[in-house]
Each structure stands twice: as structure tokens, then as C-alpha cells.
Amino acid sequence: MTPDEVELHAAMQSERRHLVSLAYHVLGELPDAEEAVQDTYMCWYRLSVESQASVAEPRAWLTRTLGRMCLYVLTSADRPIDASFSTWPEEGAAVAVPNEATPAERITMILHDGFGMDLDEIAEIIGRTPEACRRLARTARRRTAEDRTERLARAQRNDHVRALISVARRRDIAGLSALLDPCVRFRAAGSGSDHDYRLPIIGARRVARHLVRPLRTYPDTTILEQETPDGLGFSLWEDGCIVGVANIELAGGIARDIRLSTVPRRLTLWS
């Protein structure tokens, strides 16, 4: 290699940290990021010496090529991409992108908001116009805001459910009543189908007594947090076996509907 070629090789390799950081932010997995970077370097070293020497900005060339590699990975992947990551390595700002974002939206938002790239540069990477990239970034930001709002609502809901579980564990009927809607409905499905609910129990005090009674009657019964299709609920356990799973519907921070399933075949999903 000539001195110029050695210098160019060193310059290209010095960009590896930047490239891995970019790919990691976009793809969310370090092995995928490293593979994309490796493929990018392979594209570079396949160029003739003359073609390499004609590249005015090697960093920009590597970034464009890597961006296209990442876009290909995203469009061909059948796995979800995690919406939030830490900043790694020490380059680029952490950008949370919702899972619903398209590959083009994801790359546009991360490169623009996280790495400060111009829309003209991004347009060249993803094959869109700068105006189209601006729209993609705007849509991704809106989805991010909606996702953040949904996450906050879910977190607040989980806090309310955990408070209800905590009070129930203390067998505190008065405290539990305060966390229930005055007209709360409690329904239970037993040995029949999932939708074969018995007549409901209505009223905060009555439902609170009904929930606390088995915990007082059977001291070994435990109530635990339980993820359900409707969000966080609770499960009842006796002698190491699950005997019930409850779905909870909240409104204004208080429970207004509780559905307890004790259907054996359904409980096998959680046992």
C-alpha cells in the first residue's frame, strides 16, 4: 500500500465507532449493528483504488452506505425493534421511536434528531425527497408523543392496581372500598366458559368484603400482581397453585369493573 492508501485506510477505520453507534441506534441490537458495519466496510474495500480515491468525504460515504444497509435490515426483518435504547457509544442522542414507526420513519428520525444529519443527506440514503423526509420525521415524532402518552397512562394505571393489591393484602375493607367505584361490579367465571359469569356483586363495600373474605378465611392465600391481556391485574394462589386471575377496568383512578376467572383450563396460561 502507498502512503496515501495507508492514510485513507486509517481514516476509514477511525469511523468504526461512529458507524457502530449509528447502526445500534437504528437496529437496536449490537450484533446486528456490528454485522451491518462489517458489510459496509466490505462494500468499501470492494471498490477499486481509483474509486476510493475519488471519494471526497469517506465518513459521508460510509454513513450513506450504512444507512442503506440498516434500511434493508429493517425492511426485511420480521422481528420488532425495541422502541427505546441507551446512548451507546458516546455519540448521538438517545431517541425513542415507537414500534409502529416504519423503517423509513425510524431511520429519518434517528439520523436527524439523534445524529443531526441534514434532510438532504437522509433523502439520499433512503431514496426520498427532503420534503418527504421532513414528513416522515414529523409523523415519527407524532407517534412518539402518542406512545409516550400511552406509556404514561399505562404506568399510572399500574400504580392504581398496585395500590389496590397492597390494600387487599392488608385485608383492609375500608381502604379497599375507597379504591373502588361506588357502583363497581364484580363478576366471576367458574367451571363454565370464560364468558359464563355469575350474577355480579355491585357496590364498593360489598365487593371489598367479597375480595377480602377468602384472604381472611384462608391465611395461606396470596394475592400477586398478574399481567393480563387487559393490562395489570392480580392472581390468587393457594398452596403454590393459581386459583384465580382478575382483570380490572379502571376509570378516574378507581376500579369500576373486576372480572375474576377461575376456569381451570384458562388458568393453565399462568400456572
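Sequential numbering from 1 along the given sequence is applied to the chain's residues.
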Under 3.5 Å, side-chain donor or acceptor atoms of residues 36-44 against the rest of the protein: list the pairs with distances, not counting sequence neighbours.
from: Thr40; atom 1: OG1; to: Ala36; atom 2: O; distance (Å): 2.9
from: Tyr41; atom 1: OH; to: Met12; atom 2: O; distance (Å): 2.5
from: Tyr41; atom 1: OH; to: Arg16; atom 2: N; distance (Å): 3.3

Please list, one pair per line, the donor and acceptor atoms closer than 3.5 Å that link side chains of residues 165-179 to other protein atoms, with sequence neighbours excluded.
from: Ser166; atom 1: OG; to: Arg170; atom 2: NH1; distance (Å): 3.2
from: Arg169; atom 1: NE; to: Ile223; atom 2: O; distance (Å): 2.9
from: Arg169; atom 1: NH2; to: Ile223; atom 2: O; distance (Å): 3.0
from: Arg171; atom 1: NE; to: Leu215; atom 2: O; distance (Å): 3.2
from: Arg171; atom 1: NH1; to: Arg169; atom 2: O; distance (Å): 2.7
from: Arg171; atom 1: NH2; to: Leu215; atom 2: O; distance (Å): 2.9
from: Asp172; atom 1: OD1; to: Ala174; atom 2: N; distance (Å): 3.3
from: Asp172; atom 1: OD1; to: Gly175; atom 2: N; distance (Å): 2.9
from: Ser177; atom 1: OG; to: Ile173; atom 2: O; distance (Å): 2.8

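Nearest approach of Ala246 to Ile258, heavy atoms of both residues: CB-CG2, 4.2 Å. The two atoms that bring Arg259 and Glu249 nearest to each other are NH1-OE1, 4.4 Å, heavy atoms only. Closest heavy-atom contact between Ala33 and Val20: CB-O, 4.1 Å. Across every non-hydrogen atom of Cys70 and Ile107, the tightest pair is C-CD1, 4.1 Å. When all heavy atoms of Pro103 and Leu74 are compared, the pair lying nearest together is CB-CB, 3.6 Å. Across all their heavy atoms, Leu136 and Ala104 have their closest contact at CD1-CB, 3.9 Å.
Separation of atoms CD (Glu124) and OG1 (Thr129) is listed at 13.5 Å; rounding is to 0.5 Å. In this structure, SG on Cys133 lies 11.0 Å from CD on Glu105, to the nearest 0.5 angstrom. Between the NE2 atom in His25 and the CZ atom in Arg106 there is a gap of 10.0 Å [rounded to 0.5 Å]. Residue Gln52 holds its CD atom at 12.5 Å from CZ of Arg46, rounded to the nearest 0.5 Å.
Considering only heavy atoms from C-beta on, Leu164 comes within 4.5 Å of Leu180 through its side chain. In this structure the side chain of Arg141 never reaches within 4.5 angstrom of the side chain of Arg143, judged on heavy atoms. Put simply, the side chain of His18 reaches to within 4.5 Å of the side chain of Arg59, judged on heavy atoms. A heavy-atom distance below 4.5 Å is found between the side chains of Val245 and Thr228. When side chains are defined from C-beta on, Asp118 does not count as touching Ile122, because their heavy atoms never get closer than 4.5 Å. Using a 4.5 Å heavy-atom cutoff, the side chains of Glu15 and Thr63 are not in contact.
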Next item on the list: Give the C-alpha distance, both sets of side-chain angles, the deciding distance and a yes or no for side-chain contact (heavy atoms from CB on, under 4.5 Å) between Ile125 and Leu111.
Entry: CA-CA 10 Å; Ile125 291 174; Leu111 294 184; 3.9 Å; yes
Next item on the list: Report the C-alpha distance between Ser48 and Ser51 in whole Å, list the side-chain angles of each, state the deciding distance to 0.1 Å, and finish with yes or no for side chain to side chain donor-acceptor pair (under 3.5 Å).
Entry: CA-CA 5 Å; Ser48 65; Ser51 296; 2.9 Å; yes
Margin query: As a quick check of understanding, evaluate side-chain contact (heavy atoms from CB on, under 4.5 Å) for Arg256 and Arg185, giving each step before the final call.
Written below: CA-CA 6 Å; Arg256 69 178 182 185; Arg185 291 161 55 92; over 6 Å; no
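Side chain of Thr217 to main chain of Pro214: no donor-acceptor pair is present (N/O by atom type, distance under 3.5 Å, no hydrogens or angles). Between the side chain of Glu34 and the main chain of Pro31, no donor-acceptor pair closer than 3.5 Å is present. For the pair Thr75 (side chain) and Tyr72 (backbone), a donor-acceptor distance under 3.5 Å is present. His210 places no side-chain N or O within donor-acceptor distance of the main-chain N or O of Arg206, the cut-off being under 3.5 Å. A donor-acceptor pair is defined here as one N or O able to donate and one able to accept, closer than 3.5 Å; such a pair exists between the side chain of Thr144 and the backbone of Ala140. Judged by distance alone, the side chain of Thr65 and the main-chain N or O of Leu62 form no donor-acceptor pair under 3.5 Å. Checking side-chain atoms of Thr221 against main-chain N and O of Tyr218 turns up a donor-acceptor pair under 3.5 Å. Remark: the backbone N or O of Cys241 is not paired with any side-chain donor or acceptor of Asp239 at under 3.5 angstrom. Listed for the Arg157 side chain is a donor-acceptor partner under 3.5 Å among the backbone atoms of Leu232. In this structure a side-chain-to-backbone donor-acceptor pair under 3.5 Å is missing from Gln156 to Ala153.
Residues Val184 and Ile201 fall within the same hydrophobic cluster, defined by Ile, Leu, Val, Met, Phe, Trp and Tyr side chains chained together at heavy-atom separations under 4.5 Å. Val73 is connected to Leu71 through a chain of hydrophobic side-chain contacts under 4.5 Å among Ile, Leu, Val, Met, Phe, Trp and Tyr, so both are in one cluster. Linking ILVMFWY side-chain heavy atoms closer than 4.5 Å, directly or via other members, places Ile254 and Phe234 in two distinct hydrophobic clusters. A continuous path of ILVMFWY side-chain contacts below 4.5 Å connects Phe115 to Leu30, so both sit in one hydrophobic cluster. Residue Ile242 is grouped with residue Leu224 when hydrophobic side chains (ILVMFWY) are merged at heavy-atom distances under 4.5 angstrom, including chains of intermediate members.
The environment of CD in Glu121 is crowded: more than 12 heavy-atom neighbours from other residues, nucleotides or ligands sit within 6.0 Å. A 6.0 Å sphere centred on CD of Gln13 holds more than 12 heavy atoms belonging to other residues, nucleotides or ligands. Atom CD of Glu238 is surrounded by more than 12 heavy atoms from other residues, nucleotides or ligands within 6.0 Å.
The salt bridge (charged side-chain N to carboxylate O under 4.0 Å, His left out) search around Glu131 returns Arg134, Arg135, not counting sequence neighbours.
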